[in-house]
Amino acid sequence: MEIRGIGENLSATLYKEGMVKNVADIYYLKDKKDQLLSLEKMGGKSIDNMLKAIDKSKDRPLDRVIFALGIKHVGAETAEILAEEFHGLDKLAKASREKLTDIGAIGPKIADSITAFFRQEENRNIIRRLREAGVRLEEEATKPEELPLSGKEFVITGRLETSSRQEAEARIKELGGIAKDNVTRQTTYVVVGADPGSKLARAQELGIEILSEQKFLDKLKKA
């Protein structure tokens, strides 16, 4: 769910301590402040910041929620395809094997894994708890050409101060833009953070518009 402040190490600790066993548990950590305070390197301020980031993540795009469920064989790209096709977790949960395999990128192995996942009562409870916690599980179907950044291709280089690269790329995609790793003649903007790499030089060579992090944020806000 791209929650700022919860990286691999903290995730492993929360799991080891029995505080988080699945994605839904993250949204109930606010009820476990005393346990969080007992963890090494976790002070009151860092906990408050983490809980705020958790609350903010409730409005992530649907594909992030599908990916976060941990369905076998469903990676980030497949999650995007499923979100675009079904626009809601309930509709995905009810989808038949035949409906799933009708989608070009979904083969029998992935379809079987998805249907098996949603048949399990434990997994249905996870979805119920996500809904009760206020996590967005549906999104409106929007034609790609109607989105404000439709047709715009972004490449991010360097470290961003206000968000992770994954968060920034998810925001670009949510607004209809394309996030790529390499600078080409088709690139519209190169977003430059701290300590940028060779992509900046390549962008300058090709005459591509370069955005500072603040200009990038302003463009997202305007969009």
Side-chain angles (χ1 to χ4, degrees), residues 1-11 23 26-27 46 48-70 74-84 87 130 134-140 142-223:
M1 294 299 282
E2 298 168 353
I3 300 171
R4 195 170 179 84
I6 302 185
E8 277 191 41
N9 290 339
L10 181 55
S11 296
V23 64
I26 292 171
Y27 294 94
S46 60
D48 286 342
N49 288 337
M50 182 186 73
L51 294 177
K52 287 177 183 176
I54 290 171
D55 192 60
K56 185 179 177 182
S57 77
K58 292 178 181 180
D59 201 38
R60 289 280 186 268
L62 178 62
D63 67 284
R64 303 310 306 168
V65 182
I66 295 171
F67 182 42
L69 291 174
V74 176
E77 290 185 12
T78 303
E80 282 188 38
I81 292 167
L82 293 170
E84 289 172 5
H87 307 293
L130 284 170
V135 177
R136 181 161 64 102
L137 304 182
E138 292 84 26
E139 61 186 18
E140 290 184 16
T142 308
K143 294 179 181 178
E145 62 270 19
E146 295 176 350
L147 293 168
L149 295 182
S150 176
K152 307 294 184 184
E153 190 172 298
F154 292 75
V155 174
I156 299 173
T157 181
R159 185 183 69 258
L160 300 180
E161 300 295 336
T162 57
S163 68
S164 68
R165 182 174 300 187
Q166 290 82 3
E167 287 174 321
E169 289 179 346
R171 186 66 177 140
I172 289 167
K173 293 176 184 177
E174 188 179 355
L175 293 169
I178 303 165
K180 289 287 188 74
D181 290 327
N182 298 314
V183 178
T184 69
R185 295 186 186 279
Q186 282 69 50
T187 304
T188 312
Y189 303 108
V190 172
V191 181
V192 179
D195 303 318
S198 59
K199 295 173 187 177
L200 173 58
R202 178 63 174 160
Q204 291 170 330
E205 180 185 329
L206 294 175
I208 292 165
E209 186 172 350
I210 294 167
L211 301 177
S212 66
E213 183 171 357
Q214 186 56 55
K215 286 184 178 180
F216 170 61
L217 293 174
D218 291 344
K219 188 171 287 292
L220 292 184
K221 185 176 181 181
K222 185 179 179 180

Self-check item: Rounded distance (nearest 0.5 Å) linking atom NZ of Lys222 with atom CG of Leu149
Solution: 11.0 Å
Self-check item: Distance-only side-chain donor-acceptor flag, Glu213 / Thr162, under 3.5 Å
Solution: yes
Quiz item: Between Met50 and Leu10, is any pair of side-chain heavy atoms under 4.5 Å apart?
Solution: yes
Quiz item: Would a distance-only check, ignoring hydrogens and angles, find a side-chain to backbone donor-acceptor pair under 3.5 Å from Thr157 to Gly197?
Solution: yes
Self-check item: Of Ile3, Asp55, Leu51, the residue whose pairing with Tyr27 passes side chain to side chain contact (heavy atoms under 4.5 Å, CB included)
Solution: Ile3
Quiz item: With side chains defined as the heavy atoms from C-beta onward, is the minimum distance between Tyr189 and Lys215 less than 4.5 Å?
Solution: no
Self-check item: Between CG on residue Leu200 and CD on residue Gln204, distance to nearest 0.5 Å
Solution: 4.0 Å
Practice problem: Check whether any side-chain heavy atom of Ile6 lies under 4.5 Å from a side-chain heavy atom of Ile54, and answer yes or no. | Solution: yes
Quiz prompt | Between CD on residue Glu139 and CG on residue Asp63, distance to nearest 0.5 Å | solution = 7.0 Å
Quiz item: Roughly how far apart are Met1 CE and Asp59 CG, rounded to 0.5 Å?
Solution: 9.0 Å
Quiz item: Testing Asp181, Val191, Leu211 for side chain to side chain contact (heavy atoms under 4.5 Å, CB included) with Ile156, which one passes?
Solution: Val191
Self-check item: Nearest heavy-atom neighbours spanning Leu175 and Leu147
Solution: O-CB, 3.2 Å
Exercise. Using a 4.5 Å cut-off on heavy atoms from C-beta on, say whether the side chain of Glu80 contacts that of Lys173.
Key: yes
Quiz item: Should we count CD of Glu8 as having more than 12 external heavy atoms under 6.0 Å?
Solution: no
Self-check item: Gap separating the CD atom of Glu209 from the OG1 atom of Thr187, nearest 0.5 angstrom
Solution: 12.5 Å
Quiz item: Can you find a pair of side-chain heavy atoms, one from Arg64 and one from Arg136, that are under 4.5 Å apart?
Solution: no
Quiz item: What's the shortest heavy-atom distance between Glu2 and Ala170, and which atoms?
Solution: OE1-CB, 3.6 Å
Practice problem: Indicate the atoms forming the closest heavy-atom contact of Ala168 with Phe216, along with that distance. | Solution: CB-CE2, 3.9 Å
Practice problem: Could you tell me whether the side chain of Arg4 and the main chain of Ala53 form a donor-acceptor pair under 3.5 Å? | Solution: no
Quiz item: Any chance CD of Glu138 has more than 12 other-residue heavy atoms, nucleotides or ligands included, within less than 6.0 Å?
Solution: yes
Self-check item: Electrostatic pair Glu169-Arg171, nearest N-O below 4.0 angstrom
Solution: no
Practice problem: Start with the C-alpha gap between Leu69 and Leu130, add the side-chain angles, then the distance that decides, and say whether side chain to side chain contact (heavy atoms under 4.5 Å, CB included) holds. | Solution: CA-CA 10 Å; Leu69 291 174; Leu130 284 170; 4.1 Å; yes
Quiz item: Between Arg165 and Gly158, which heavy-atom pair has the shortest distance, and what is it?
Solution: NH2-O, 3.1 Å
Practice problem: Check whether any side-chain heavy atom of Thr184 lies under 4.5 Å from a side-chain heavy atom of Glu153, and answer yes or no. | Solution: yes
Quiz item: OG1/Thr188 to CD1/Ile208 distance, rounded to the nearest 0.5 angstrom?
Solution: 8.5 Å
Practice problem: Kindly give the heavy-atom pair with the smallest separation between Ala203 and Ile210, and that separation in Å. | Solution: CB-CG1, 4.3 Å
